[in-house]
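Contents: one structure, followed by commentary.
Numbers restart at 1 for each chain; the letters A, B, ... are given by sequence-line order, proteins then strands. Values below: every heavy atom of this structure, side chains too, minus hydrogens, waters and symmetry copies.
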Amino acid sequence: MEQVAIKQLFHNHEAYINKEIRVSGWVRTIRDSKSFAFIELNDGTFFKNLQIVIDDSLANFSEVVKLNISSAIIAEGKLVESPGAKQPFELKADKIIIEGAASSDYPLQKKRHSFEYLRTIAHLRPRTNTFSAVFRVRSLASFAIHKFFQERNFVYVHTPIVTSSDAEGAGEMFRVTTLDLDRIPRDADGNVDFTQDFFKHDANLTVSGQLQVETYAMAFRNVYTFGPTFRAENSNTPRHAAEFWMVEPEMAFADLEDIMNLSEEMIKYLIQYCLDHAPEEMEFFNKFIDKGLLARLDNVLNSDFKRITYTEVIDLLQKSGEKFQYPVEWGHDLQTEHERYLTEKVFKQPIFVTNYPKDIKAFYMRLNYDQKTVAAMDLLVPGVGEIVGGSQREERYDQLLARMKELNMPEEDYWWYLDTRKYGTNKHAGYGLGFERAIMYLTGMTNIRDVIPFPRTVGHIDF
RNA sequence: UCCUCGGUAGCUCAAUGGUAGAGCAUUCGGCUGUUAACCGAAGGGUUGCUGGUUCGAGUCCAGCCCGGGGAGCCA
């Protein structure tokens, strides 16, 4: 007898109709009467459940109808057309094998739970509709990222997770050490003696693979990283996590315009891929999580992202007549309220804001000819905020070194980075995409903790 | 870290300073095509913790703990 995945049934049930098949999975719900019952079975391969019909001719009928939700069973029988309106077919089972019954204290009920509660049972929440949909989309989106870049001949580079220095001042870092914290070795000056540590040097978890990946762009031309990133910031918001994934493409012989085009194309590709490969899940999000989701994604697919300079944004905000809590002034970074006003009130679509003042951006960004701004871009989207941040890099050796000295950065730590500007430098550019923020945007989920299987945030490292 | 809202049964939520409740889940019973099935019954509570005000506190006050949202920082 053929073991069939429920996904196969939904995609091609004609091939199985009136045939004997075997399925296996977890019970989502059982509706029973005196002499017959319906079981909704989910086998993990598909968002929808298979309805199984049983009657009391089944040897273990009375035992089966008493099973609790999430019990694991194997069912054998004939796939038949269903008289019920809500499903085209169902399994008329003549044998149910109980693999593992779920005990009666199983915490998930058939009605809805709050996301807050589900976070406390992160090991069980993938069995719910919402999280099943979220994490299938997350999987598809990861694959789509690779597919997008591989189709364009980008080389995937594994940049290090453990690093020796604060790569770009991107944030507070997690320290990596094997030193005995109860007996920390000190040098003559009383500082921690890292020569006795594992690497004979202080070490941290990466906050970005950008500097390393730039060196590979100088060899392979177009490259990308896609991996975990760590920030030890004490930020407690629905958009921040201590461990998250980032996609960082880098292109040689490319400028700001090129990476804006690339990231716009990438976002659209991601959306299209998920719509094509998880239509049931996307439908579910649209119906239960975010009513305007599909219309919004459709709008994104069919429009060009707006591009506007920082200076124009400041002008626009100042002339808007809108009351902002924080003053709008050239030289200050845009506040969340400003970004929201732009994306949600004015443009209602993703926008690139470009050419920020150099003093509010990172040292490696290319200085524009006005000497005041750098060739940077942020992609802002309604509801989520900044989803992509990128720039054309400062490829001029003297210019880069001068900027590093201005910021009192230890030149000797960056000798290898500076070398790229000595040996065949060229204009190049790249960006970072916050993968979880992209998932939030794709699904309509509003908390980053609900798009990471086991989220790590300040004070939380359960599971 | 700051601001703000909240914490009542396993879950989702009610309860004017005066006997702590419902739906779902659980257990038991009923029901011949259900669709978060339905009908009946039962069990289930130190109302986050500590202290205070009061004849009387789930409700008012203070401190603490935990959670949500907003801000900062960023992706």
Side-chain angles (χ1 to χ4, degrees), chain A residues 28-40 48-57 65-66 68-70 80 82-87 90 92 102-121 124 128-129 168-172 207-210 228-248 263 288 324-326 332-340 360-362 378-381 384-390 431-441 446-452 457-460:
Chain A
R28 281 289 174 84
T29 177
I30 297 178
R31 296 178 287 270
D32 70 299
S33 285
K34 188 179 185 181
S35 58
F36 65 94
F38 300 94
I39 300 172
E40 295 242 4
K48 292 181 176 173
N49 304 318
L50 173 66
Q51 173 158 292
I52 299 173
V53 192
I54 55 173
D55 60 42
D56 56 7
S57 65
V65 296
K66 276 194 273 186
N68 291 304
I69 297 176
S70 234
V80 297
S82 175
K86 297 212 174 176
Q87 60 281 319
E90 62 194 18
K92 185 90 182 66
S103 70
S104 63
D105 58 355
Y106 182 66
L108 289 171
Q109 60 181 38
K110 281 182 271 186
K111 289 205 169 185
R112 74 169 292 277
H113 290 278
S114 64
F115 290 144
E116 292 81 8
Y117 171 66
L118 290 169
R119 277 173 217 147
T120 69
I121 47 170
L124 297 175
T128 65
N129 287 334
E168 53 160 312
E172 294 295 312
V207 291
S208 166
Q210 187 206 312
T229 307
F230 306 87
R231 304 273 167 94
E233 297 287 355
N234 183 20
S235 49
N236 212 313
T237 83
R239 300 182 304 282
H240 290 85
E243 177 182 323
F244 62 100
W245 282 56
M246 209 158 43
V247 181
E248 296 176 288
S263 61
F288 293 108
F324 294 113
Q325 199 186 333
Y326 292 85
H332 288 94
D333 209 352
L334 297 177
Q335 303 292 318
T336 299
E337 59 171 347
H338 304 145
E339 295 181 354
R340 294 186 67 139
I360 57 172
K361 287 293 181 182
D378 282 354
L379 176 60
L380 310 177
V381 300
V384 178
E386 185 181 342
I387 197 168
V388 166
Y431 62 84
L433 166 81
F435 184 61
E436 283 78 8
R437 291 189 180 173
I439 300 298
M440 291 165 74
Y441 188 60
T446 55
N447 195 312
I448 198 166
R449 299 170 192 116
D450 297 328
V451 298
I452 301 177
T457 55
V458 191
H460 296 278

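Side-chain contact check for A/Met246 versus A/Pro228: every heavy-atom pair is 4.5 Å or farther apart. Side-chain contact between A/Ile387 and A/Leu433 is present, with at least one heavy-atom pair separated by less than 4.5 Å. The side-chain heavy atoms of A/Leu118 and A/Glu116, taken from C-beta on, include no pair separated by under 4.5 Å. By the 4.5 Å heavy-atom criterion applied to side chains, A/Ile448 and A/Pro238 are not counted as neighbours.
Spacing of P atoms, B/A14 relative to B/A22, comes out at 16 Å, to the nearest Å. The gap from the P atom of B/U46 to that of B/G21 amounts to 15 Å, rounded to the nearest Å. Between B/G51 and B/G45, the distance separating the two C1' atoms is 22 Å to the nearest Å. Rounded to whole Å, the separation between the P atoms of B/G48 and B/G33 comes to 45 Å. Distance noted for atom C1' between B/G30 and B/U34: 16 Å (whole Å). Spacing of P atoms, B/U8 relative to B/G68, comes out at 14 Å, to the nearest Å. Comparing the C1' positions of B/C73 and B/C2 gives an interatomic distance of 13 Å, to the nearest angstrom. Taking atom P on both B/A36 and B/U47, the two are 36 Å apart, rounded to the nearest angstrom.
Within the 4.0 angstrom heavy-atom criterion, only backbone atoms of the sugar-phosphate kind lie near A/His113; the bases stay farther away. Here A/Gln51 lies in heavy-atom contact (under 4.0 Å) with a base. Residue A/Gln109 is classed as a base contact, given a heavy-atom separation below 4.0 Å to a base. If you check every strand for non-hydrogen atoms under 4.0 Å, A/Asp32 touches a base. No contact: A/Ala438 has no heavy atom under 4.0 Å from any strand. Residue A/Ile448 is in base contact, counting any heavy-atom pair closer than 4.0 Å across all strands shown. Among the protein residues, A/Tyr117 comes within range of the sugar-phosphate backbone only, with heavy atoms under 4.0 Å from sugar or phosphate atoms but none that close to a base. Among the atoms of the strands shown, base atoms are found under 4.0 Å from some heavy atom of A/Arg239. Among the protein residues, A/Asn234 comes within range of the nucleic acid bases, having at least one heavy atom under 4.0 Å from a base atom. The residue A/Arg28 sits apart from the nucleic acid: no heavy atom pair falls under 4.0 Å. Note on A/Phe115: nothing from the nucleic acid sits closer than 4.0 angstrom, heavy atoms only. Residue A/Asn447 is in sugar-phosphate contact alone, with no base atom involved, counting any heavy-atom pair closer than 4.0 Å across all strands shown. Residue contacts for A/Ser33: at a heavy-atom cut-off of 4.0 Å it reaches a base atom on one of the strands shown. Heavy atoms of A/Thr29 sit under 4.0 angstrom from primed sugar atoms or phosphate atoms, though from no base atom.
For the residue pair A/Glu172 and A/Val207, the shortest heavy atom distance occurs at O-CG1, 4.3 Å. Scanning both residues, A/Val388 and A/Ser263, for their nearest heavy atoms gives CG1-CB, 4.5 Å. The two residues A/Ser70 and A/Ala102 come nearest to each other via the heavy atoms C-CB, 3.8 Å. Closest approach of A/Glu248 and A/Ser208 over heavy atoms only: OE2-OG, 2.8 Å. Taking each heavy atom of A/Thr457 and A/His240 in turn, the nearest pair found is CG2-O, 3.8 Å.
Between the C1' atom of B/G72 and the CZ atom of A/Arg231 lies a distance of 16 Å, rounded to the nearest Å. Rounded to whole angstrom, the span from the CG atom of A/Leu334 across to the P atom of B/G72 amounts to 11 Å. Between the C1' atom of B/U26 and the CD1 atom of A/Ile30 lies a distance of 14 Å, rounded to the nearest Å. Atom pair A/Lys86:NZ and B/U34:P shows a separation of 11 Å (rounding to whole Å applied). Distance, A/Leu380 CG to B/C74 P: 14 Å, rounded to whole Å. Spacing between atom CG of A/Asp378 and atom C1' of B/C74 amounts to 10 Å, rounded to whole angstrom units. Spacing between atom NZ of A/Lys48 and atom P of B/U35 amounts to 18 Å, rounded to whole angstrom units. For the pair A/Leu379 CG and B/C74 C1', the interatomic distance rounds to 15 Å; values are reported in whole Å.
For B/A37, the OP1/OP2 oxygens have a side-chain nitrogen or oxygen of A/Lys110 closer than 4.0 Å. In terms of phosphate contacts, A/Lys34 brings no side-chain nitrogen or oxygen within less than 4.0 Å of OP1 or OP2 of B/G33. Remark: A/Arg31 is in phosphate contact with B/A37, judged by side-chain N or O atoms under 4.0 Å from OP1 or OP2. Residue A/Arg449 places at least one side-chain N or O under 4.0 Å from the OP1 or OP2 atom of B/G68. Considering only side-chain N and O atoms, A/Thr336 lies under 4.0 angstrom from the phosphate OP1 or OP2 of B/G72. For A/Asn68, no side-chain nitrogen or oxygen approaches OP1 or OP2 of B/A25 to under 4.0 Å.
Checking side-chain atoms of A/Ser114 against main-chain N and O of A/Tyr117 turns up a donor-acceptor pair under 3.5 Å.
For A/Thr237, taking side-chain heavy atoms from C-beta onward, the closest of the listed nucleotides B/G72, B/C74, B/G33 is B/G72. With B/A36, B/G68, B/G33 as the candidates, the nucleotide lying closest to the side chain of A/Glu116 is B/G68. The side chain of A/Tyr326 approaches B/G72 more closely than any other nucleotide in the set B/U32, B/G70, B/G72. For A/His240, counting side-chain heavy atoms from C-beta on, the closest listed nucleotide (B/U27, B/C74, B/U35) is B/C74. Here the nucleotide nearest the side chain of A/Ser235, chosen from B/C28, B/U12, B/G72, is B/G72. Counting only heavy atoms from C-beta on, A/Pro238 has its side chain closest to B/G69 among B/A37, B/G33, B/G69.
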Check the pair A/Arg31, A/Glu40 against salt bridge (Lys or Arg N to Asp or Glu O under 4.0 Å), reporting the backbone distance first and the verdict last.
CA-CA 9 Å; A/Arg31 296 178 287 270; A/Glu40 295 242 4; 3.1 Å; yes
Can you check ring pair (Phe, Tyr, Trp, His ring centres under 6.0 Å) on A/His338 and A/Phe324, steps first, answer last?
CA-CA 8 Å; A/His338 304 145; A/Phe324 294 113; 4.8 Å; yes
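Remark on RNA chain B: of its neighbouring residues A/Gly434 and A/Gly459, the 5'-side contact belongs to A/Gly459, judged by nearest-heavy-atom nucleotide. With the nearest nucleotide of RNA chain B identified for both A/Glu436 and A/Asp105, A/Asp105 has the one nearer the 5' end.
No hydrogens or angles were tested; on distance alone, nothing pairs the side chain of A/Glu90 with the base of B/U35 as donor and acceptor under 3.5 Å.
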Dot-bracket summary - RNA chain B, pairs being Watson-Crick or G-U whose distances fall under 3.5 Å, with | when paired to another strand
(((((((..((((....[..)))).(((((.......))))).....(((((..]....))))))))))))....
